[in-house]
Amino acid sequence: MEQWSKETIAAFRKTLLTWYDENKRDLPWRHDHDPYHVWVSEIMLQQTQVNTVIPYYERFMSMFPTINDLAAAKPEQLLKAWEGLGYYSRARNLQRAAREIVNDRHGEWPTTAAGLQELTGIGPYTAGAIASIAFGEPVAAVDGNAFRVFGRLLMIDADITKPATRQLFAETIDRIIDPQRPGDFNQAIMDLGSSYMTVKNPDVEHSPVKMFDRSYETGHVLDYPVKTAKPRPVPVDYVALVIHTPAGYLMTKRPSTGLLANLWTFPLVKVSDLLKDDEQETDLMDVDIVSRAEQAFETETEIPVSLALIGGRAVTHTFTHLKWQIRLVSAELSTVPDISLFAGEIVAESAFDQYPMPVVQQKLWRRWQAASKK
DNA sequence: AAAACGTGGGG
DNA sequence: TCCCCAAGTTT
């Protein structure tokens with residue numbers, strides 16, 4: 001990899017910050033350096049694009065204007081505010097950290113990256129971002145942009161998917177970061193990474209730092225940063241049970257840990273759980289799947305139902321590591337059953353907006369609406 | 001160290 | 001349709 005002299009580092013800082021001063025984006029969380037504002041925005045921005053975050057951030061700040069409001073909020077209300085944003089443990093960890101600060105630290109923030117990283121949900125990147133932006137600590141904030149920008153500028157050959165590589169980048173950037181304006185430096189790198197130095201179709205020719213870009217000079221821009229590919233999502237078949245009663249639909253609250261924790265969906269049955277071991281490879285008839293789903297469901301709920309398959313293709317929803325393929329079956333009940341033994345509720349359609357539901361449930365609902373109107 | 005954990009956008 | 005990705009952290 002390339003090494004920069006003291007003079008090159010000084011020239012880079014000046015070039016970068018001059019460009020940033022004239023071209024920085026006007027984002028809602030850049031109106032001040034309040035650690036609460038910086039923190040919430042950085043948590044939302046984890047693995048999430050700016051344009052997606054903006055409306056969530058605005059709504060969140062109107063609902064929870066101060067860290068005290070966040071600490072005091074009901075978890076369901078918080079989850080509702082996070083609905084559709086994904087990685088829902090972020091919302092839970094956000095409130096846990098808020099309560100740590102408000103209750104255990106009397107509202108006093110840690111002011112260093114090392115101290116901030118002690119808080120739940122704040123890792124090395126977020127700690128560096130808050131410490132540099134809100135508290136002026138000259139410390140790197142190593143996110144995907146920093147990996148890409150410095151990976152290209154310096155042609156760093158270490159694989160960024162390996163945890164150990166973060167340390168190499170952090171040490172490298174810590175030597176380059178401007179100690180007078182560390183927060184602006186880190187944010188400038190992020191703006192650069194989302195404009196001239198994008199993953200695809202970068203425009204290095206017009207980049208303000210192209211004269212510092214060794215990968216551009218040597219024609220290897222797209223070879224950096226170095227990373228190994230991720231595995232494909234694994235397909236998993238489900239049956240969704242649409243149980244419609246005069247009082248509303250039967251909904252389940254997902255377990256408090258794991259995928260989509262604490263969110264509400266139609267009851268979902270994994271098809272592989274309905275099959276015997278020696279049938280896993282067998283291509284069973286839909287009718288058989290439905291009858292088995294009935295049995296499995298009635299065993300768990302004691303609600304007598306007669307399920308009918310909703311035709312058409314499966315609803316598919318892809319997570320980072322899983323691809324759900326969901327077939328719908330429905331039952332129309334003329335009375336409201338006793339579900340006291342069931343981990344869920346009968347929810348009126350008019351009350352859906354009070355329950356946090358993941359995007360996959362919204363897809364199931366749309367499919368059910370389309371099918372039931374025919 | 002490797003896997004789990006969401007969603008929307010772009011090519 | 002599929003693949004990769006975007007301001008990562010936790011276990």
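Just so you know, these numbers come straight off a predicted model, no measurement behind them.
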Give me the distance, rounded to whole Å, that separates [N] from [M] when you measure between the [atom1] atoms they each carry.
| N | M | atom1 | value |
| --- | --- | --- | --- |
| B/dG6 | C/dT1 | P | 23 Å |
| B/dC5 | C/dC2 | P | 22 Å |
| C/dT9 | B/dG8 | P | 22 Å |

Next on the checklist: Tell me which pairs pass salt bridge (Lys or Arg N to Asp or Glu O under 4.0 Å) where either residue lies in residues 199-223 of chain A, with sequence neighbours left out.
Outcome noted: A/Glu2-A/Arg214, A/Glu205-A/Lys210, A/Arg214-A/Glu217

Which part of the nucleic acid, if any, lies within reach of [X] when heavy atoms closer than 4.0 Å are counted: base, sugar-phosphate only, or nothing?
| X | result |
| --- | --- |
| A/Trp324 | nothing |
| A/Arg92 | nothing |
| A/Pro124 | sugar-phosphate |
| A/Leu322 | nothing |
| A/Val50 | base |
| A/Leu27 | base |
| A/Arg30 | base |
| A/Thr120 | sugar-phosphate |

In this structure, how many angstroms lie between the [atom2] atom of [N] and the [atom1] atom of [X], rounded?
| X | N | atom1 | atom2 | result |
| --- | --- | --- | --- | --- |
| A/Glu118 | C/dT9 | CD | P | 14 Å |
| A/Ile160 | C/dG8 | CD1 | P | 10 Å |
| A/Asn93 | B/dC5 | CG | C1' | 11 Å |
| A/Lys162 | B/dA2 | NZ | C1' | 10 Å |
| A/Leu119 | C/dT9 | CG | P | 12 Å |

Using a cut-off of strictly less than 4.0 Å, decide whether [X] has a side-chain nitrogen or oxygen near OP1 or OP2 of [N].
| X | N | result |
| --- | --- | --- |
| A/Lys227 | C/dC4 | no |
| A/His321 | B/dC5 | yes |
| A/Arg232 | C/dC3 | yes |

Checklist entry - Can you find a pair of side-chain heavy atoms, one from A/Pro110 and one from A/Leu119, that are under 4.5 Å apart? => result yes

Checklist entry - Between A/Gln187 and A/Arg30, do the side chains contain an N or O donor and an N or O acceptor separated by less than 3.5 Å? => result yes

Next on the checklist: Regarding A/Glu42 and A/Gln46, do their side chains bring together a donor and an acceptor under 3.5 Å, going by distance alone?
Outcome noted: no

Checklist outcome for this item: Sorted by position of nearest nucleotide on DNA chain C, 5' first, the leading residue of A/Thr316 and A/Gln117 is A/Thr316

Checklist outcome for this item: Across all chains, not counting sequence neighbours, the ring pair (Phe, Tyr, Trp, His ring centres under 6.0 Å) partners of A/His33 are none

Checklist entry - What pairs with A/Tyr216 under ring pair (Phe, Tyr, Trp, His ring centres under 6.0 Å), at least two apart in sequence or on another chain? => result none

Checklist outcome for this item: B/S/- along nucleotides 6-11 of chain B (protein heavy atoms under 4.0 Å) is BBS-BS

Item to check | Close residues, residues 182-191 of chain A, relative to DNA chain B [heavy-atom separation under 4.0 Å] | outcome: none

Hey, is [atom1] on [X] packed in by over 12 heavy atoms from elsewhere, all under 6.0 Å?
| X | atom1 | result |
| --- | --- | --- |
| A/Arg59 | CZ | yes |
| A/Asn51 | CG | no |
| A/His106 | NE2 | no |

Item to check | Residues in side-chain hydrogen bond (donor to acceptor under 3.5 Å, both in side chains) contact with A/Gln354, at least two apart in sequence or another chain | outcome: none

